[in-house]
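The analysis underlying the following values was restricted to heavy atoms, covering all of them including side chains, and did not include hydrogens, waters or symmetry mates. The chains referred to below are lettered A, B, ... by the order of the sequence lines, with proteins before strands, and numbering in each begins at 1.
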Amino acid sequence: MSNSTFTASPFLGKTFGVTVANVTKKFGRTTVLKDVSLEVKPGEIFCIMGPSGSGKTVLLKHIAGLEIPTSGEVRIGDFDAADPETRNKVHLALVFQAGALFNSLSVYDNLALYPREHRECNEAGIRERVMHALSILSLEKAANKFPSDLSGGMKKRVAIARALVMEPQLLLYDEPTSELDPVMSATLTEIIATLREQTAVTSIVVTHDRDLAFAIADRVAFVMDGKIRGVGRPADFKNPTDPVIANFLNPVIDLKNPRFKQLENSHE
Amino acid sequence: MNYLTIIIGHIGGTLLLLVRSLKFLPTLPRQFARFMEQCYLIGYTSLPIVTILSFFIGSVLALQSGYSMENFGAKQFIGTLVGLTMARELGPVMVAILIAGRVGSAITAELASMKVYQEIDALTTMNIPPERMLVLPRLAAIVVMMPVLAIIANLCGWYGGALVCQYTHSISVDSEAYFTALKAYMKRSDVTDGLIKAEVFGFVIILVCCYIGLNTRGGPREIGASVTKAVVTSLILILVLDYFVTKALLMS
């Protein structure tokens with residue numbers, strides 16, 4: 001990452017906390033979230049961890065306003081996350097797991113889309129803003145490339161750059177280090193921490209990555225089977241007392257009695 | 001949930017999409033580039049196939065009617081028959097079917113793919129309503145391009161019929177007689193009714209294809225399923241609407 005700092009914008013001074021209050025989400029007969037409550041303070045890095053299929057991404061989508069709770073509510077500051085009007089009041093950006101870049105647009109146009117659509121500045125201003133975001137993530141040379149020409153790690157960096165152009169007050173990351181090699185994972189972890197440091201943006205990170213969460217999170221929540229299993233500072237989970245969280249954080253590879261055999265036996 | 005509830009749900013969803021898209025109508029002037037791009041994709045790129053198909057439809061119509069009408073000694077009315085049939089029925093319907101197959105399927109595939117790969121979610125979080133950026137320019141483009149395509153289809157069909165009448169030995173109606181008959185019994189309303197029909201078909205096709213694309217859930221397999229669903233639904237709607245719009249126009 002380059003040494004550039006993110007320019008202060010009128011929005012950056014104001015960050016929002018998030019309150020998830022008794023949220024339950026059902027898809028048909030399946031209950032994905034079961035009475036989930038959380039509080040994320042303004043300016044903190046909050047990591048949501050848990051096994052695959054536990055409802056982490058669905059919870060993140062509720063915070064982004066992409067899903068509406070079956071019951072309960074999510075508030076960003078004083079605003080209802082499910083209300084489309086909230087997006088006019090809060091600059092919210094979501095970095096999707098697979099990037100969700102617009103494949104028909106170049107990297108530059110992917111980043112320029114938001115300021116162009118919202119007519120926030122003229123084309124010269126947009127160029128300056130886009131190139132600055134690209135420089136923060138050392139992506140200047142990729143400006144004219146298309147998403148299909150990029151590696152997985154570059155796509156994620158472009159997705160983060162696109163989020164930065166929005167000058168977010170709330171930045172959500174969905175599995176930012178999945179499918180990346182350890183060096184790239186470490187790089188992205190540093191990027192998330194540095195961005196918070198430079199912009200004081202509230203960051204919510206959904207991840208499996210224990211190293212990422214324990215390195216940068218102010219607080220961590222564990223979601224298991226649609227419920228919150230525990231919330232606390234990373235230090236609180238160095239030696240977890242909850243056996244389920246302990247098993248998730250420190251799985252023991254036992255070749256003599258492998259887990260999949262246990263699962264097979266339990267189905268019989 | 002029974003089928004009726006599902007169908008009512010889809011009709012409601014489609015109308016809601018229309019209302020949400022029309023809400024952004026004032027933004028259309030600043031989406032001019034996007035609108036022109038859609039005009040190019042819907043209109044210009046469909047032109048060759050519309051031209052070829054309608055030319056041969058007019059030709060076949062003249063050939064068939066020439067064969068049948070000779071028995072009644074009514075060959076001089078072939079021009080009237082081809083003219084009216086192309087303008088009132090086959091022109092708009094054939095263009096609509098082509099648009100459903102060629103443009104509608106492409107729109108559904110594009111939007112479904114954007115939905116499956118979370119690009120639509122990305123737009124939503126960026127506070128860029130997909131109705132404004134993806135649906136409205138397409139609806140505006142079809143409103144402009146559909147009458148143009150229908151007029152071109154009519155002209156090609158009429159000239160196709162004229163050529164067949166002139167150069168087919170068994171028919172032998174020269175172009176002058178053919179066009180005289182075509183003009184003699186055709187009113188301006190025959191053409192405008194056809195254009196209204198084309199407009200209605202085109203608008204409904206694009207709206208339905210956008211709705212199905214934006215409501216795709218699942219993976220790549222569902223993209224294909226959505227395209228099939230969009231084309232089949234469009235074809236059914238074209239023929240069902242054809243009856244009702246024709247009846248309404250005849251009554252008026």
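- Surrounding OH of B/Tyr44 are at most 12 heavy atoms belonging to other residues, nucleotides or ligands under 6.0 Å away.
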For this session: Mind running side-chain contact (heavy atoms from CB on, under 4.5 Å) on B/Met133 and B/Phe24 for me, showing each step along the way?
Result: CA-CA 9 Å; B/Met133 185 176 148; B/Phe24 296 110; over 6 Å; no
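- Within the 4.5 Å cutoff, side-chain heavy atoms of B/Leu139 are placed close to those of B/Leu18.
- Between B/Leu111 and B/Leu134, the closest side-chain pair of non-hydrogen atoms falls below 4.5 Å.
- The closest donor-acceptor contact from the side chain of B/Arg88 to the backbone of B/Thr246 lies at 3.5 Å or more, if one exists at all.
- No side-chain heavy atom of B/Ile42 sits under 4.5 Å from any side-chain heavy atom of B/Val144.
- A 4.5 Å side-chain heavy-atom check between A/Leu170 and A/Val18 finds at least one atom pair inside the cut-off.
- You'll find the side chain of B/Leu214 reaches within 4.5 Å of the side chain of B/Val135, heavy atoms only.
- When side chains are defined from C-beta on, B/Lys197 counts as touching B/Glu89, because their heavy atoms get closer than 4.5 Å.
- Only the backbone of A/Leu101 comes within contact range of chain B, judged by heavy atoms closer than 4.5 Å.
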Can you list every donor-acceptor pair under 3.5 Å that links chain B to chain A?
{"from": "B/Arg30", "atom 1": "NH1", "to": "A/Glu117", "atom 2": "O", "distance (Å)": "3.4"}
{"from": "B/Arg34", "atom 1": "NH1", "to": "A/Glu117", "atom 2": "OE2", "distance (Å)": "3.1"}
{"from": "B/Arg34", "atom 1": "NH2", "to": "A/Glu117", "atom 2": "OE2", "distance (Å)": "2.6"}
{"from": "B/Glu119", "atom 1": "OE2", "to": "A/Asn103", "atom 2": "ND2", "distance (Å)": "3.3"}
{"from": "B/Thr124", "atom 1": "O", "to": "A/Arg87", "atom 2": "NE", "distance (Å)": "3.4"}
{"from": "B/Met126", "atom 1": "O", "to": "A/His118", "atom 2": "NE2", "distance (Å)": "2.9"}
{"from": "B/Asn127", "atom 1": "O", "to": "A/His118", "atom 2": "NE2", "distance (Å)": "3.3"}
{"from": "B/Asn127", "atom 1": "ND2", "to": "A/Arg87", "atom 2": "O", "distance (Å)": "3.2"}
{"from": "B/Asn127", "atom 1": "ND2", "to": "A/Asn88", "atom 2": "OD1", "distance (Å)": "2.7"}
{"from": "B/Arg132", "atom 1": "NH2", "to": "A/Glu117", "atom 2": "OE1", "distance (Å)": "2.7"}

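- Close approach to chain A, defined as a heavy atom under 4.5 Å from one of its heavy atoms, is seen in no residue of residues 232-239 of chain B.
- Heavy-atom distances place no part of B/Ile120 under 4.5 Å from chain A, backbone and side chain included.
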For this session: Determine, stepwise, if the pair A/Leu212 / A/Cys47 fulfils side-chain contact (heavy atoms from CB on, under 4.5 Å).
Result: CA-CA 9 Å; A/Leu212 178 152; A/Cys47 286; 4.0 Å; yes
